[in-house]
Amino acid sequence: MRMKVAALAFLLLVAMTGIQAQQSTLTIRDTSGPVISRFVYGHFSEHLGRCIYDGFWTGDKIRMDIVDALKKIKVPMLRWPGGCFADQYHWRDAIGPRDQRKKTVNTTWGMVTEDNSFGTHEYLELCHLIGCEPYIAGNVGSGTPEEMSNWLEYLNFNGKSTLADLRRQNGRDQPWNVSFWGVGNESWGCGGNMTPEYYSTQYRRYAEFCKNYPGAPLKLIASGANGDDYNWTEVLMKNIPLRNTWGISMHYYTIARNWQHKGSATQFGEDDYFSALANCLRMEELVSKNSVIMNKYDPAKKVALVVDEWGIWTDPEPGTNPAFLYQQNSLRDALIAASTLNIFNNHCDRVKMAALAQTVNVLQSLILTDKDKMLLTPTYHVFDLYKVHQDAKLLPVQLESPDYVYGSGKIPAVNASASRDASGLVHISLVNLDPAKKVTVRTELKGISWNGVEGRILTSANFTDVNTFDHPDKVKPAAFTGAKKEGGQLVVEMPPHSVVVLELK
Ligand code: AHR
């Protein structure tokens, strides 16, 4: 009897403190498989709020502290100028002497004056400094095929023409050879309110005038579905010429509550924590179901699924212009980034490019600025930890995870992905979403020889923890000592709400 009481008391204690050993099993196989394109680690920056102006572009200069931070995480691609802004953007307004550029109105984002001081030349200089590929979203909604075609000539033609000479006159002799080219943005919404049938016809027309100049073959990306609008994907795949389409996009934002009241970025409890994570994990279903449709029309998987807008969207920070979409970034958001990147890695046969929205001072940013101060968000640190997966061969994973249960809902507590890089090193990224319970992950490594393991962890005391200008390093990676070899197995002790990236030795 006394034994039973003691056992019950122990179980009660364990349940209350959450210290019971949750177990997860993981199998990683080294087989021939697809490569995780580095472009999955891309980013998005729009003329919106303080992303470009008072962000990248401050005092008529590119901010080099931002550039250096982005170089460190090997940003491979930067999408620009929108977003919704792309379909109201006229490139000719933003070339030539800055003081003579046209003043326009950013009608989507706060009706602010757009002085066009940051245009084509500035953006391509920014990409050059970061060392990343440009990805321009062309204007279908309010532009013409002629305007799009002229922009491409200005950008990519090396010979003699009025537009190529204009580029030279504006200070750029050589063409930029821009290759990633979006034909519109969210054409089902802010990009023109089109039906998929109408957009497919428009795409065919615009794409026809997107010319491949010598040495500058284009990678055209059609404006794809709003998350689970599978009909959009189906109609596009059926109607657009796939042979000269590099990818079709898909946009999906994680919202904790609903579009009217999205929830605070900093003041939230476990209800918003859980629902945001559950909603972020929907990316698995969206990618899978869109891929099934694409497989029907493109079984060889030549056309990429390009998730060129994703991330958590919260209510704006109190006291800021609501049209500027400035939000803080917590440990929860880092878990969202890490879990989403694991999903993309595991679907790298189809997802060949993605862009987190939106780099600096907007939505799920990597970087926040305040005058000349700058901080790195928890999400930035995830991209730093995960950069090892860029262009590495995917190692398929099989995972049995305990559930993280909240109220009547449950999600898998653990998610993972793994890869082998060009130098032969194996990296494993693991996420434990459970906010209270640690998880022991026992891993079988099939066809992989290894002797030791090193790792780094990103976690913090609370899932609401953020980096502020007063405490910029509250959430930052640290060395991880919770992984060891036990027999032939890799055993990893994952603390609650943590991201761990391991390197096998
Ligand atoms: O990223 C903010 C906005 O979200 C983009 O402008 C638009 O494409 C999407 O609806």
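We count residues from 1, following the sequence as given. Only this structure's heavy atoms are used, side chains among them; waters, hydrogens and symmetry mates stay out. Order of listing sets the numbers, starting from 1, for every ligand and every atom in it.
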Numbering as shown, the atoms of ligand 1 that approach [X] to under 4.0 Å (heavy-atom distance):
X	answer
Asn185	8 (O)
Gly83	5 (C), 6 (O), 8 (O)
Leu363	1 (O), 2 (C)
Phe44	1 (O)

field: Protein heavy atom at shortest distance from atom 1 (O) of ligand 1
entry: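 The closest one turns out to be Tyr253 OH, 2.7 Å.
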
task: Give the residue, atom name and distance (to 0.1 Å) of the protein heavy atom nearest atom 4 (O) of ligand 1.
output: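 Result for atom 4 (O) of ligand 1: Glu309 OE1, 3.3 Å.
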
- request: Could you tell me how the ring of Tyr89 sits relative to the ring of Trp151: parallel (under 30°), tilted (30 to 60°) or perpendicular (over 60°)?
  value: tilted

query: Taking the six-membered ring for Trp, are Tyr404 and Tyr273 parallel (under 30°), tilted (30 to 60°) or perpendicular (over 60°)?
result: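 Taking Tyr273 first and then Tyr404, their aromatic rings sit tilted (interplane angle of 30° to 60°).
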
Measure the shortest side-chain to side-chain distance between [X] and [Y] over non-hydrogen atoms and say whether it is less than 4.5 angstrom.
X	Y	value
His389	Val40	no
Tyr123	Trp176	no
Asp434	Pro496	no

query: Who passes side-chain hydrogen bond (donor to acceptor under 3.5 Å, both in side chains) against Ser365, sequence neighbours left out?
result: none

task: Please confirm whether Phe85 comes under 4.0 Å of ligand 1, counting heavy atoms of the residue only.
output: no

- prompt: Looking at ligand 1, does any of its N/O atoms fall within less than 3.5 Å of an N/O of Cys84?
  reply: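 Yes, since at least one N or O of Cys84 sits under 3.5 Å from an N or O of ligand 1.
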
- request: Answer yes or no: does an N/O atom from Glu186 fall short of 3.5 Å to an N/O atom of ligand 1?
  value: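 Min N/O separation from ligand 1 is below 3.5 Å for Glu186.
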
task: Pick one of side chain, backbone, both or neither for how Trp313 approaches ligand 1, counting any non-hydrogen atom pair under 4.0 Å.
output: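 Side chain only.
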
message: Less than 6.0 angstrom separating the ring centers of Phe463 and Phe268, yes or no?
response: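 Ring centres of Phe268 and Phe463 closer than 6.0 Å.
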
